Protein chains: 2
Amino acid sequence: MAQSEVRVSGEALHEFTKEVFVRVGMSPEDAETEAAVLIWANLRGVDSHGVLRIPWYLGNVDRGIMNPKPNIKVAKETPVTLVIEADQAFGPVVTVFAMNRVMEKARQVGIGWGFICNHSHQGAMGYYSQMAAKQDMAGIVFVCSPPNMAPYGARAAGTGNNPITIAVPAKRHRVMFLDMATSVVARGKIWLAVDRGVPIPEGWALDKDGNLTTDPSQAAIFLPTSGAKGSGLAIMFECLGSVMIGNPLLEPVLLGKGTEPPPQAKKPEVKGSHPDHVARPIQNSVVIAIDIGTFTDVEAYKEHIDNLIDGIKALPKAEGFSEIFVPGEPEERTFADRSRNGIPLPEGTIRNLRDVAERFSIKLPSGL
Amino acid sequence: MAQSEVRVSGEALHEFTKEVFVRVGMSPEDAETEAAVLIWANLRGVDSHGVLRIPWYLGNVDRGIMNPKPNIKVAKETPVTLVIEADQAFGPVVTVFAMNRVMEKARQVGIGWGFICNHSHQGAMGYYSQMAAKQDMAGIVFVCSPPNMAPYGARAAGTGNNPITIAVPAKRHRVMFLDMATSVVARGKIWLAVDRGVPIPEGWALDKDGNLTTDPSQAAIFLPTSGAKGSGLAIMFECLGSVMIGNPLLEPVLLGKGTEPPPQAKKPEVKGSHPDHVARPIQNSVVIAIDIGTFTDVEAYKEHIDNLIDGIKALPKAEGFSEIFVPGEPEERTFADRSRNGIPLPEGTIRNLRDVAERFSIKLPSGL
């Protein structure tokens with residue numbers, strides 16, 4: 001099936017999204033944050049982390065897994081660190097809070113290091129690392145998820161496909177930032193294939209029985225990028241994040257102590273659901289800010305990053321490449337295009353959003 | 001050519017190595033540290049970071065690039081951070097110093113974060129992250145190198161193959177730790193193929209003209225692991241490390257402002273040299289310690305890690321795997337074997353060590 005060419009403006013989609021989350025009980029401020037992070041992903045072409053997620057989020061609110069009215073608390077604090085109990089808050093809501101707090105600490109002592117315990121889905125993590133870059137800091141965030149990826153050598157889920165994002169500011173150029181899963185692809189890329197009705201390449205995922213699959217609707221277990229390397233990073237993130245704050249996410253499932261079976265053993269219950277819509281979306285995160293001015297001249301730093309970007313882009317190109325992109329650059333191009341020309345949404349996503357609009361009697365953005 | 005089966009005891013190789021570095025001017029304490037890190041690598045089967053490096057190190061001392069008598073200074077400090085000017089010290093000497101200092105800070109405020117500016121080759125980085133794990137902390141180290149890897153989409157060197165190591169303690173199990181380059185393989189793996197006289201797989205490296213090569217003696221430029229992911233991590237490490245302390249390593253070479261041409265443009269000068277023996281080995285590092293006790297109960301933490309390891313190892317195995325290894329585990333097995341039965345060295349390495357022994361009139365360990 002070809003991709004739909006229906007385009008919707010970012011602003012209209014933002015307003016719709018914000019209204020949806022207000023209707024499920026979020027404060028207008030939190031709904032604004034949630035909408036901003038989702039639409040930012042869509043504008044950058046990372047549709048896997050955009051409004052495609054809304055039906056899943058709503059299902060999770062209905063089932064009491066995602067909390068639109070969380071009681072967010074700082075449980076522990078040192079001059080440099082912070083442990084935040086998120087009360088199953090939406091990832092964007094608590095992570096924006098966390099990044100602001102660790103930036104305050106970084107301003108004082110050079111580094112701010114926060115743990116977030118027990119939040120729900122993070123959305124597009126690059127949003128948070130970029131917050132730091134816009135304040136003349138480097139930002140790092142990594143996230144720990146329940147098992148959804150096969151450790152290297154296994155044919156069953158044993159680790160999350162725990163992603164990491166790193167952002168730094170430039171001067172002439174936009175913020176440079178990396179945002180990568182430790183799986184071959186992020187989960188949403190597989191959902192997107194479901195919505196588009198296309199197969200996935202072999203090597204992305206296993207089905208629930210541990211066999212390689214190219215059917216995105218059967219994809220239940222991710223495969224790690226670079227084998228032992230992606231697998232190892234993901235496992236170590238769990239040790240640095242979840243276990244460090246006494247909230248392990250892998251161990252309870254691995255040792256069968258969990259209150260629920262591993263995600264792939266459950267059947268979808270939500271209308272319009274994707275293969276792992278039912279995965280328990282509780283996560284922990286580590287949120288780090290590094291204050292550039294504490295260590296070097298900020299303007300010189302940004303000029304160095306500009307020069308680094310220019311230097312990399314000017315290298316001779318490998319066969320099959322017409323341009324060399326620095327981290328985050330392809331998405332910046334898409335951002336520029338979609339900010340002007342609107343966001344194209346595939347049929348499957350539009351269908352799901354229509355159901356959402358009906359449920360709350362909200363008008364869909366024009367064109368949908 | 002089959003691998004040599006000559007084995008030498010770790011202790012004997014340690015004494016020989018220590019003596020070599022004393023002869024080039026290191027203090028006995030520093031030579032002890034240098035030997036400990038090199039032999040630790042050999043014992044773990046990471047021969048690419050073991051005594052194979054000695055001839056290259058000596059050549060670098062002769063050319064004034066590696067400093068056996070460095071003036072190591074703390075240039076900047078906050079309660080959580082530290083910037084160390086390494087004066088081209090050997091990596092092991094200054095990094096052991098740095099890790100001890102950041103662990104002191106972590107004990108006070110939860111996190112210690114150090115930058116090391118201007119050191120020479122790091123050796124086996126896992127040694128330093130394990131230091132933290134042995135003190136009930138998590139340890140993270142990443143290293144920034146001059147260009148030796150093609151950024152994704154390029155056919156020339158534009159980033160270092162900047163590696164990262166992360167270690168955490170367990171209780172019943174040994175320290176669990178990751179140690180990975182952002183290239184498909186670490187540099188030493190290619191040198192080892194030279195010493196063994198075997199080809200390397202396609203996809204590991206390019207020759208100096210940017211063409212894929214399977215001849216390890218022609219391998220001049222590494223390829224990033226996972227394409228954009230390995231490439232992106234490496235570039236961001238340079239931004240978080242080198243650029244943050246005002247000592248960029250990529251920019252001067254990329255923009256042709258360097259005092260020397262990119263590594264692959266120079267011809268080897270050192271007897272018994274490897275393809276990139278002449279690469280300028282100056283690096284910067286970031287050294288981080290996280291004090292577990294600041295955030296959670298240390299004994300509970302270690303039990304969680306034990307359970308995580310047990311849970312992962314008990315997963316159903318993928319086809320072709322007889323066992324699932326957690327990060328660092330295969331090397332721990334080798335360590336146990338080689339500690340008992342000695343370290344096997346390939347012919348090429350033995351030949352080079354014989355030259356070293358002759359130069360300093362030191363007796364080679366028996367068997368070599």
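Because the structure is predicted, anything quoted here is derived from the model rather than measured. The sequence lines fix the lettering, A, B, ..., with proteins before strands; numbering per chain opens at 1.
If you check the side chains of A/Ser183 and A/Asn161, you find a donor sitting under 3.5 Å from an acceptor. Under 3.5 Å, the side chains of B/Asn284 and B/Ser242 contain a donor-acceptor pair of N or O atoms.
Of the residues considered (A/Gly158, A/Gly232, A/Gly246), A/Gly232 shows the highest number of contacts with chain B, using heavy-atom pairs under 4.5 Å. Contact count versus chain A (heavy atoms, under 4.5 Å) is highest, among B/Ile245, B/Thr182, B/Val168, for B/Val168. Note: A/Gly311 leads A/Ser231, A/Gly328, A/Gly311 in heavy-atom pairs under 4.5 Å with chain B. Chain B forms more heavy-atom pairs under 4.5 Å with one residue of A/Thr78, A/Val83, A/Ile111 than with any other, namely A/Ile111. Interface remark: of the candidates B/Ala181, B/Gly210, B/Ala138, B/Ala181 forms the most heavy-atom pairs closer than 4.5 Å to chain A. Among A/Val326, A/Leu206, A/Ile312, A/Leu250, the residue making the largest number of heavy-atom pairs under 4.5 Å with chain B is A/Ile312. Per-residue heavy-atom pair counts under 4.5 Å with chain B were compared for A/Gln108, A/Met176, A/Lys313, A/Met180, and the maximum is reached by A/Met180.
At a threshold of 4.5 Å between non-hydrogen side-chain atoms, the residues B/Arg172 and B/Asp310 count as touching. Taking 4.5 Å as the limit, every side-chain heavy atom of B/Leu233 sits out of range of all side-chain heavy atoms of B/Ile235. Between A/Val286 and A/Trp113 there is a side-chain heavy-atom pair separated by less than 4.5 Å. The closest side-chain heavy-atom distance from B/Ile140 to B/Ile164 is below 4.5 Å. You'll find the side chain of A/Arg44 stays beyond 4.5 Å of the side chain of A/Thr334, heavy atoms only.
The residues A/Asp209 and A/Arg155 are annotated as not salt-bridged, no charged nitrogen and carboxylate oxygen being separated by less than 4.0 angstrom.
Among the residues in residues 314-324 of chain A, those with a non-hydrogen atom closer than 4.5 angstrom to a non-hydrogen atom of chain B are A/Leu315, A/Pro316, A/Lys317, A/Ala318, A/Phe321, A/Ile324. Against chain A, the residues from residues 291-299 of chain B that qualify, each with a non-hydrogen atom under 4.5 angstrom away, are B/Ile292, B/Thr294, B/Phe295, B/Thr296 in number order.
The structure places NE2 of A/His173 at 5.0 Å from CG of A/Asp306, a figure rounded to the nearest 0.5 Å. Residue B/Cys239 holds its SG atom at 3.5 Å from CD1 of A/Ile305, rounded to the nearest 0.5 Å. Atom CD of A/Glu303 sits about 13.5 Å away from atom CG of A/Leu308, to the nearest 0.5 Å. B/Ile166 CD1 to B/Ile288 CD1: the interatomic distance, rounded to the nearest 0.5 Å, is 9.0 Å. A distance of 8.5 Å separates OG1 of A/Thr159 from CG of A/Leu254, quoted to the nearest 0.5 Å. Atom CZ of residue B/Phe115 and atom SG of residue B/Cys144 lie 9.5 Å apart, to the nearest 0.5 angstrom.
Contact of A/Leu223 with chain B is not made at all, since no heavy-atom distance falls under 4.5 Å. When heavy atoms are compared at a cutoff of 4.5 Å, B/Lys229 approaches chain A by way of both its backbone and its side chain. For chain A, the nearby parts of B/Tyr152 are the backbone and the side chain; heavy atoms of each come within less than 4.5 Å. Heavy atoms of A/Val109 lying under 4.5 Å from chain B belong to its backbone as well as its side chain. Contacts of A/Ala300 with chain B are absent, with no heavy-atom separation under 4.5 Å from either backbone or side chain. For A/Val184, the part lying under 4.5 angstrom from a heavy atom of chain B is the backbone only. Proximity to chain A (any heavy atom under 4.5 Å) is shown, for B/Val243, by both the backbone and the side chain. Contacts between B/Ala167 and chain A at a heavy-atom distance below 4.5 Å involve the backbone alone (N, CA, C, O).
Under the salt bridge (charged side-chain N to carboxylate O under 4.0 Å, His left out) criterion, A/Glu77 pairs with A/Arg101, A/Lys105, sequence neighbours left out. By the ring pair (Phe, Tyr, Trp, His ring centres under 6.0 Å) test, A/Phe237 is found to be paired with A/Phe142, residues two or more places apart in sequence or in another chain being considered.
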>> Before you tell me yes or no, could you show the steps for B/Thr165 and B/Gln130 under side chain to side chain contact (heavy atoms under 4.5 Å, CB included), namely the whole-Å CA-CA distance, both residues' side-chain angles and the distance that decides it to 0.1 Å?
In response: CA-CA 9 Å; B/Thr165 178; B/Gln130 285 214 16; over 6 Å; no

